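Counting starts at 1 for both ligands and their atoms, following the listed order. Excluded from the calculations below are hydrogen atoms, water molecules and symmetry mates; all remaining heavy atoms, backbone and side chain alike, are included. Model, not experiment: these values are computed from the prediction.
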Amino acid sequence: MAAVFLDCGAMTESSESRNTRTASYLAEPGEVRRVLLLYSGGLDTSVMLKWIQDEYSAEVVALTVNLGQPGEDYGVVKDKATRLGAVAAEVVDAREEFARDFIAPAIKANAIYGLGYPLFTALGRPLIAKLAVEHARRHGCDTIAHGCTGKGNDQVRIEATVATLAPELKVIAPVRGWQMGREEEIAYAREHGIPIKGGAEQTPYSIDDNLWGRSSEGRWIEELDHAPEDDVFQLVTRPEDAPDESETIALGFERGLPVSLNGERLGLVELLERVAEIGCRHGVGIVDHIEDRIVGLKVRDIYEVPAAAIVLPAHAELERLVGTIHQNQFKSDVDRQWGYLVYAGLWWEPLRENLDAYMDAVNERVTGTIGMKLYKGSARVVTRESPNAVYDAQLATFETSGGLFSQQASPGFIELWSLQSRMAWRLRHGQGD
Ligand code: ARG
């Protein structure tokens, strides 16, 4: 039995390096002439930029997408691509599109996967891959290359997008096949004059970030019994070091989306950046997450999601206030479906659009203001206000009876409401009392 499994494993592993295609969209060496490389400027994709030119004798067009990665210098990334031989190096600022078409629907869907991950990477990948398709076509490329490994969700998201939107384009994923470890990549970089930033000695965390959050993987994070080391938090202040004074902010929503911060109207990108900044200061949005990946593995991630940790609970609170009990019960089921679909790399699946239509319908009434109190790592709803709240303070107090609510009617309701449960109980436990 074990031998059978081993054989299968060996076959699949070598098939990609032998370039026997395991999927119709993978490129055969002979058909690769001009490659659109999704270029981050990091070690993997820099090595790849050279490696593709050597290995395939192909031209490389580098595309770098700005989704709001904090502190990135895109001029430097572009220069690096050109110096490494890219025939063209493009940087696209896609922050507005990312916020409008990807984060906004995620807010309406209260999108969280596995109880803690607000999906920032999962939301970014389909957009990055869509832009890769557009630029590949514009530059006459036949192939798209990305730097994902064979163990993650990101390869699924990117390749599913390319195969859906551009069946004529092929894909190569060199990291999946080249079997270079980090040390070999560094050696390759040295040999080919590829600059390595941040010093090669210390293995950095594997980072992915954008406007909506940041993830770190690797090193001690892979040891489940290892508590987070402080150097992993590059964004959020350690809660212990956050100010002793709390801060309460007012988030204004219109039709399900945040539109103002403390009364000041802001576009979504700027609002998210400002909320993230305040959240960072107060140590808000640290998530230590074990995740069920779509490719079967469980992996631990450390997330820093200061904006999401404030905006999502505020939105959910307001939505529950304007929804009926029945809408609210149903919504969380649909929210979970939405989050799973997007996590799983099926952004272009029609079900997602169907669900979005429902999300939009519900969010039509999600208008109002939520007060969030931030204090040493926590973000808590403290005030709510909405013209559409299905709430009547008069009805809610204990003291009064009358109007729409008669306390005298409650026992009759209880008798009918519990009828079937009482009958079933008797059938199982006999008539005795
Ligand atoms: N686990 C998260 C996800 O699957 C984050 C992945 C981060 N990606 C990366 N290439 N470091 O969406």
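Counting non-hydrogen atoms of other residues, nucleotides and ligands closer than 6.0 Å to CZ of Arg100 gives a total above 12. In this structure, Trp220 places its CH2 atom where more than 12 heavy-atom neighbours from other residues, nucleotides or ligands lie under 6.0 Å away.
For Ala122, the side-chain contact (heavy atoms from CB on, under 4.5 Å) partners are Tyr117, Leu119, Arg157, Val342, not counting sequence neighbours.
Sorted by chain and number, the residues within 4.0 Å of ligand 1 by heavy atom are Tyr117, Thr121, Arg125, Asn153, Asp154, Arg157, Ser206, Asp208, Ser215, Glu217, Glu291, Asp301, Tyr303, Tyr343.
For the residue pair Trp347 and Thr161, no side-chain donor N or O sits within less than 3.5 Å of a side-chain acceptor on the partner. Looking only at atom types and distance, the side chain of Asn110 has a donor-acceptor partner in the side chain of Glu319 under 3.5 Å away.
Taking CZ from Arg320 and NE2 from His315, the interatomic distance works out to 10.5 Å, rounded to the nearest 0.5 Å.
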